[in-house]
Every structure is written in structure tokens, then in C-alpha cells.
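Numbering of residues begins at 1 and proceeds along the displayed sequence.
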Amino acid sequence: MKDYKIRSLVIYNSFVFLFFLFLVELILGKWHLIGTPVTKIPAAPFSRKIYRDVSKIYGLKKPYYISNIRDKKGYRSSKNYKLNDIILTIGGSTTAQALVDDEYTWQNILSNKLNNRFSVTNGGVSGQSSLGHLYSIEQWHSKSLPIENIKFIIYYL
């Protein structure tokens, strides 16, 4: 009799725990983005807004906050890349610029120098190999961006 109660208690608690995990995943998980191409690229950030203090990195005494915003397709762009001609930038940390404010990335500066004629779109992923970046062209960029709008690709390593 005692063995039956313990077994029932364990089974009941297991179901409650699994139901709780299901609810947490349903609410907080990114399950709705599973079909997007950026999820096929290891370490590629997407759907995030990060604001961080980089004063220690830059050797400043006062706090200095930067914004690093990636859209749901994984791009960091100041312009609407759906409407403009696109210059796509691909590369590692020098392209991704995780510790540079959105306004001061070299992509944004280049876009301003070109009088905003192009949307210079940042598709950089830190820590990727050259082969990983080539893979991202086939598996991510070609499926996420309107191909007819891509005029140039800057491959910067």
C-alpha cells in the first residue's frame, strides 16, 4: 500500500512539473521563431535588444551605455532593408561589433556617407569561421533578404 502511494505521488508530481515546464517554454521560449533561417546559424543573435555599460572596456570613469539591437531575422540595421537597395556586410566580430553602439557601427557610418541611398545591413556573427560565413549566405541571407535588392556584399574578416 505504501509503495503504491509513493509511486502515485511521484507520477503526479512529474506531470505537474512537466506541465509547468511546458507553460514556461510556451510563454518565454522562442519556439515561434524555429522556422526562421537565422536559427540554422550557430551563435547568430536574433530578436534581442541589449543595452550594456561598456565604460570599463573603454577605460571610462563614467557609465557609457550602448545599444545592440537585432531584429527577428538577425540583422542589425538602421534602415529598412525591405525598401532600400542593400549592402550586406558579412564577417566576424569586426563586422558584428557587439560592443559598439548601433549609431556608431561602421555600417551606419557608411550608410550616412552614401547619403542613405543604401541600407547597409549588418549580418556579422562573432566567432564564425570563413566556411560558417559562406554557409550563412546560403542558409540565412538568401532566404531572409529580398535577393533583388542586394546590390553589394562586403565580406569583412
Backbone N/O of [Y] and side chain of [X]: donor-acceptor pair under 3.5 Å:
{"X": "Ser142", "Y": "Ile147", "result": "no"}
{"X": "Arg76", "Y": "Ala96", "result": "yes"}
{"X": "Tyr155", "Y": "Ser130", "result": "yes"}

Just one of [options] clears the side-chain contact (heavy atoms from CB on, under 4.5 Å) bar with [X], so which one?
{"X": "Asn112", "options": "Ile109, Asn115, Asn108", "result": "Asn108"}
{"X": "Lys143", "options": "Glu138, Lys40, Lys73", "result": "Lys40"}
{"X": "Gln107", "options": "Thr121, Leu88, Thr95", "result": "Thr95"}

Can you name the nearest heavy-atom pair linking [X] to [Y], along with the distance?
{"X": "Ser136", "Y": "Ile90", "result": "OG-CG2, 4.3 Å"}
{"X": "Ser67", "Y": "Tyr51", "result": "CB-CE2, 3.2 Å"}
{"X": "Ile154", "Y": "Leu110", "result": "CD1-CD2, 4.0 Å"}
{"X": "Ile86", "Y": "Leu145", "result": "CD1-CD2, 4.2 Å"}

I'd like to know whether Val10 forms a side-chain contact (heavy atoms from CB on, under 4.5 Å) with Phe15, so could you lay out the CA-CA distance, the side-chain angles of the two residues, the decisive distance to 0.1 Å, and finally the verdict. CA-CA 9 Å; Val10 168; Phe15 279 121; over 6 Å; no
Taking atom types as modelled, find out whether Gln97 and Thr105 have a side-chain donor-acceptor pair closer than 3.5 angstrom. no
Between Tyr156 and Trp106, how do the two ring planes meet: parallel, tilted or perpendicular, split at 30° and 60°? perpendicular
Looking at residues at least two apart in the chain, or sitting in another chain, which of them share a side-chain hydrogen bond (donor to acceptor under 3.5 Å, both in side chains) with Ser55? Asp53
Measure the shortest side-chain to side-chain distance between Pro42 and Gln128 over non-hydrogen atoms and say whether it is less than 4.5 angstrom. yes
Please determine if Asp85 and Arg117 form a salt bridge, counting it only when a charged side-chain N lies under 4.0 Å from a carboxylate O. no
Hey, what do you get for OG1 (Thr89) to NE2 (His141), rounding to the nearest 0.5 Å? 8.5 Å
